[in-house]
Asker: 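I'd like to ask you about the structure that follows.
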Number of protein chains: 2
Amino acid sequence: MFLSTYENKLDSKGRVSVPASFRSHLSSLGYNSVVCYPSFTTTAIEFCPQSRIEKLSDTIDTLNPFEENRDVFATSVLADSFQLNFDPEGRIILPEKLLDHSGIKDRVVFVGQGKTFQMWEPNKFFKFRDDARKKAKSLRSDLKWSQSANKEREEK
Amino acid sequence: MFLSTYENKLDSKGRVSVPASFRSHLSSLGYNSVVCYPSFTTTAIEFCPQSRIEKLSDTIDTLNPFEENRDVFATSVLADSFQLNFDPEGRIILPEKLLDHSGIKDRVVFVGQGKTFQMWEPNKFFKFRDDARKKAKSLRSDLKWSQSANKEREEK
DNA sequence: CATTATAACCCATGATATCCCATAAATGAT
DNA sequence: ATCATTTATGGGATATCATGGGTTATAATG
């Protein structure tokens, strides 16, 4: 599993160390590389084991070759993905496209998500996290309200 | 697996380098060549390992003789396909027909699609990609691939 | 056979990525 | 707290890649 949050630096060659615990998990799955793509909804970069993308590729492959959506999905997902190999020290180099998408310059935050992880430009991540907490908070109070409303309804 | 997009140049002899990662995947399948044919639906050129064409040929034999797509497969894919060999530097030369079909002149975009890849005239591809992203956004929720992706997420 | 066009081979080059080694910081064990 | 190990980071050396061009082989044509 990919757990917890780390912050590392990009060096002058654009290399960045992937946290050792993330690497060892990938290694336990048999990989010396990782696949990544720009998030559809945020400025984050999404990372996953290659097997996950391979399954996606297999699914797309089962679509009828004439199916219009086949190309749409292949292009919008696979074409925008990258396989990044670790150097002997466990570093990767981020493609220019992903640096642009994420706004990453000299520092990176790694965010464990269980089966996947993300990379963020630090300030963008902290803001995203704070917003997410606020939303969760208001959702919780909404939930409480509706629960108590239901409870009251039952009592009557 | 064929991933990512690359942009390369045609030289004065009409040669173009196939991205090293694409070549190494073909090489891992035992091929020093690649098969290609014009896309039925776009100006792209479709590329795949020879084994895939062989499988497609077998599939055509099993299709209902009255199936409309049968002839399209047979003529568009098999009759109009080419086997292109790599030179020692990993380049290929595109047949005149495919240059015409694609509108490729001096620059090419390679588009990874998992089991296959494409070549596009750059401007035509960028336009296609923008459309694909819009469609993917609206279709993402109800597609098979997202089901399989979620399924995998639960498994690991 | 000779001619010509095309494709294949060989070598060169600059940019980039990869490898290899060093060091400092962090972690874990005794 | 002390020591050993792992980890993150830095930088020089090496290899790979995309590209360009000269030269040789192959094939088609008259």
Side-chain angles (χ1 to χ4, degrees), chain A residues 2-28 31-36 45 47 81-100 104-112 117 119-122, chain B residues 2-28 31-36 45 47 81-100 104-112 117-122 125:
Chain A
F2 301 110
L3 284 183
S4 89
T5 303
Y6 305 86
E7 179 170 334
N8 287 341
K9 293 176 193 169
L10 274 81
D11 67 20
S12 59
K13 294 181 180 178
R15 299 175 296 190
V16 61
S17 284
V18 174
S21 68
F22 289 8
R23 266 184 283 143
S24 79
H25 181 234
L26 287 165
S27 176
S28 75
Y31 297 110
N32 190 40
S33 65
V34 65
V35 172
C36 63
I45 308 171
F47 287 77
S81 295
F82 300 85
Q83 183 184 358
L84 307 183
N85 300 315
F86 295 112
D87 75 6
E89 284 74 36
R91 293 172 288 197
I92 56 175
I93 297 181
L94 291 174
E96 194 82 17
K97 274 185 195 170
L98 295 183
L99 290 177
D100 292 346
I104 290 168
K105 294 175 73 178
D106 59 342
R107 293 182 311 140
V108 185
V109 169
F110 292 81
V111 182
F117 65 91
M119 283 175 63
W120 287 81
E121 192 281 323
Chain B
F2 300 109
L3 280 188
S4 307
T5 68
Y6 304 86
E7 180 171 332
N8 288 341
K9 294 175 192 168
L10 274 81
D11 67 20
S12 58
K13 295 180 181 178
R15 301 175 296 190
V16 60
S17 283
V18 175
S21 68
F22 289 9
R23 263 164 21 218
S24 80
H25 182 233
L26 287 165
S27 175
S28 76
Y31 296 109
N32 190 41
S33 65
V34 65
V35 172
C36 63
I45 309 171
F47 287 77
S81 65
F82 300 85
Q83 181 180 2
L84 306 183
N85 300 314
F86 296 113
D87 76 6
E89 284 74 36
R91 293 171 288 198
I92 56 175
I93 297 181
L94 293 173
E96 196 78 18
K97 269 189 192 174
L98 295 182
L99 289 176
D100 292 345
I104 290 168
K105 293 176 71 179
D106 60 340
R107 293 184 311 141
V108 185
V109 170
F110 291 81
V111 181
F117 66 91
Q118 300 176 330
M119 283 175 63
W120 285 81
E121 192 281 323
F125 171 67

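Since we're looking at a predicted model, the values are computed, not measured. Just the heavy atoms: all of them, side chains too, but no hydrogens, waters or symmetry mates, feed the values below. We name chains A, B, ... by the order of the sequence lines, and we start the count at 1 in each one.
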Asker: Just jot down the side-chain contact (heavy atoms from CB on, under 4.5 Å) partners of A:Leu99, sequence neighbours excluded, or say none.
Answerer: A:Leu10, A:Leu94, A:Ile104
Asker: Tell me: CG of B:Asp106 to P of D:dT19, nearest whole Å?
Answerer: 11 Å
Asker: Measure the distance from OH on A:Tyr6 to P on C:dA26 and round it to the nearest whole Å.
Answerer: 15 Å
Asker: Side chain to side chain contact (heavy atoms under 4.5 Å, CB included) between B:Val111 and B:Phe47: does it pass, once the steps are laid out?
Answerer: CA-CA 10 Å; B:Val111 181; B:Phe47 287 77; over 6 Å; no
Asker: Sugar-phosphate means primed atoms, P, OP1 and OP2; the rest is base. With that split, encode nucleotides 6-16 of chain C 5' to 3' as B, S or - using protein heavy atoms under 4.0 Å.
Answerer: --BBBB-----
Asker: Please report, rounded to the nearest Å, how far the P atom of D:dC17 is from the NZ atom of B:Lys9.
Answerer: 19 Å
Asker: Reading DNA chain D from 5' onward, which residue's closest nucleotide shows up sooner: A:Gly90 or B:Ser12?
Answerer: A:Gly90
Asker: Take atom CD of A:Glu7 and atom P of D:dA8, then tell me their distance rounded to the nearest Å.
Answerer: 13 Å
Asker: Main chain of A:Ser81, side chain of B:Ser4: is a donor-acceptor contact present, judged purely on distance under 3.5 Å?
Answerer: yes
Asker: Check the pair B:Phe110 / B:Val16 against side chain to side chain contact (heavy atoms under 4.5 Å, CB included), numbers first and verdict last.
Answerer: CA-CA 11 Å; B:Phe110 291 81; B:Val16 60; 4.0 Å; yes
Asker: Roughly, in whole Å, what's the span from CG in A:Asn8 to C1' in D:dG10?
Answerer: 14 Å
Asker: Quick one: B:Leu10 CG to D:dT19 P, roughly how many Å, whole number?
Answerer: 9 Å
Asker: Answer yes or no: is there a donor N or O on one side and an acceptor on the other, between the side chain of B:Asn8 and the main chain of B:Ser17, under 3.5 Å?
Answerer: yes
Asker: Please classify the nucleic acid contact of A:Val16 as base, sugar-phosphate, or nothing, using heavy-atom distances under 4.0 Å.
Answerer: nothing
Asker: Hey, does the side chain of A:Arg107 reach the backbone of A:Glu7 with a donor-acceptor pair shorter than 3.5 angstrom?
Answerer: no
